[in-house]
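Worksheet: the structure to be examined is printed underneath.
Protein chains get the first letters and strands the later ones, always in sequence-line order, with residue 1 at the start of each.
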There are 2 protein chains.
Amino acid sequence: MNAPHNDILPVSADVVVFTMREDCLSVLLVPEGKRVGHRWRLPGGLIRDRERLDRAAERNLQRDTGLSGVFLEQLYTFGAPDRVSEQRVITVAYYALVSALNPTATKQMSIGAARLFPVNSLPVMMLDHDAIVGCAHRRLAAKLEYSTIALQFMPNRFPLSGLQRVYEAILGTALDKRNFRKRILALDCLEETPDFARNGRHRPARLYRIKTPGRVEIFK
Amino acid sequence: MNAPHNDILPVSADVVVFTMREDCLSVLLVPEGKRVGHRWRLPGGLIRDRERLDRAAERNLQRDTGLSGVFLEQLYTFGAPDRVSEQRVITVAYYALVSALNPTATKQMSIGAARLFPVNSLPVMMLDHDAIVGCAHRRLAAKLEYSTIALQFMPNRFPLSGLQRVYEAILGTALDKRNFRKRILALDCLEETPDFARNGRHRPARLYRIKTPGRVEIFK
DNA sequence: ACAAAAGTGTTTACCTTACACCCATGA
DNA sequence: TCATGGGTGTAAGGTAAACACTTTTGT
């Protein structure tokens, strides 16, 4: 058996921050170093002695990206010892969802060195962070089927076609407009607002609002 | 910020071992101490320096209960700092499924101090181990709906009614016999054997075999 | 007028549920 | 012969999928 001092390990809480940018599911990454040609990594860092895991994720996310108050859920714990050649780190991975047009979040995100990358063209990343992003993406896609988690990406008021583009970006497939609207409205989690989005040279879109914002419903 | 030496922590891998005993979903626990009136705990222990998480779970499970070679899957990572008053431990929880009539497992389990408890009448347990068992039970019940995970509880050959009792024990509800059989056979993961179980004073039951043992199929 | 996205129903196929009686055996 | 669990089919309801045209606006 190993000596006791070998049985304490550095544990980090890292966060896969998803948001929508230009109808593309994107991930927020921070540079690993300051030189050109550096790799990128997930925001996150070591868990402190008496700190809750989710608090550690929040704190490190805030430090690395300025983000706070976002939807956060534990994903999986990664700990293959070959993750680092020098020193093994166990990573408790979380994922976060950020509303596309959240001005607070946008301002926070634009402060530091963090950058958004489309999930389909990620840069070279530290360690197994690419595998963590893939795992988070699969979890997110699975949750679309049986929860209202996608609403976390939406601003206060939005057209149904916007929500449909979120679903399509995450799933990577096109959806039927009529069936999508029926399905979403049947969940009874949205309500009409009196307002319309008048964007381009086409019919304005009815804006909807989430009935209970902040609550992610699980069904089935 | 804390000093670096505060940012390394003991991490344990603990395992919720489920098995069926007398048509009852049961959990394998080990005594926390040797005195009467002791609490019980999940089998598990500290992760070593360069050890894979799942290997640590396997190793500690084997040490505490003698079990090895079982179905093992990561559940969740628990780490509220109030879990221990003295020293905080992060627990990467796993769950394992053991075939009821597995003679090797039965022999292994009967060696040590580990004991089986029905999931509905658990003893007083260490720390938050009761919450971990509850979490594992919910995960297991959810997985019944979209995977063949329940087959992990079955011996080489078994009647369909035996599998139905497993489903009913995990879900805590009675199921319709005809619908259950249709649904399971439609999965196309079982095949008839030529043999029958002649138990009591009633018609013998056809025995079935898993087409691809060891493989848990995810559908939908 | 036309380009561009919004909005709207019906039909079909499939899957899920409810439900009751006969069969084979051991005692 | 009887008690016990094994084994079987159908009808109804609900959910999911396919599918095309009209509306409203800006240019």
Gap between atoms CZ and P, on B:Phe180 and D:dG9 respectively (whole Å): 18 Å
CZ (B:Arg21) with more than 12 external heavy atoms under 6.0 Å: yes
Donor-acceptor pair under 3.5 Å, A:Arg178 side chain vs D:dA20 base: yes
Sugar-phosphate, base or nothing in reach of B:Arg206, heavy atoms under 4.0 Å: sugar-phosphate
Heavy-atom side-chain proximity of A:Val70 to A:Leu97 below 4.5 angstrom: no
Nearest-angstrom distance from the residue atom OH of A:Tyr208 to P of C:dA6: 12 Å
Sidechain-backbone polar pair: A:Gln74 side chain, A:Asp54 backbone, donor-acceptor under 3.5 Å: no
Criterion side chain to side chain donor-acceptor pair (under 3.5 Å) against A:Tyr95, the qualifying member of A:Glu73, A:Arg139, A:His137: A:Glu73
Relative orientation of the end axes in the helix from C:dA1-D:dT27 to C:dA27-D:dT1, expressed as an angle to the nearest 10° (five pairs per end): 0°
Stretch residues 156-177 of chain B: residues that reach within less than 4.0 Å of DNA chain C through a heavy atom: B:Asp176
B:Ser12 and B:Thr91 side chains, donor-acceptor separation under 3.5 Å: yes
Whole angstrom value for the distance that separates P of D:dT15 from CG of A:Leu187: 12 Å
Interatomic distance, A:Phe196 CZ vs C:dA4 P [rounded to whole Å]: 23 Å
Whole-Å gap separating P (C:dT16) and CZ (B:Arg181): 18 Å
B:Thr193 OG1 to B:Phe158 CZ distance, which is reported to the nearest 0.5 Å: 10.0 Å
Side-chain ion pair, B:Asp188 and B:Lys211, N-O less than 4.0 Å: yes
Nucleotide D:dA16, atom C1' - distance to OH of A:Tyr146 in whole Å: 20 Å
Heavy-atom check, side chain of A:Leu171 versus side chain of A:Glu145, under 4.5 Å: yes
Reported CG-to-NZ distance for the pair A:Asn179 and A:Lys177, which is rounded to 0.5 angstrom: 12.0 Å
Distance in angstrom units between A:Lys182 NZ and D:dG14 C1', rounded: 13 Å
Set out, line by line, the N/O atom pairs under 3.5 Å between protein and nucleotides 25-27 of chain C.
| from | atom 1 | to | atom 2 | distance (Å) |
| --- | --- | --- | --- | --- |
| C:dT25 | O2 | B:Arg201 | O | 3.0 |
| C:dT25 | O2 | B:His202 | N | 3.0 |

Any side-chain heavy-atom pair of A:Glu217 and A:Thr212 under 4.5 Å: yes
Whole-Å distance separating the CG atom of A:Asn179 from the C1' atom of C:dG9: 11 Å
CZ-CG distance between B:Arg165 and B:Leu160, expressed to the nearest 0.5 angstrom: 11.0 Å
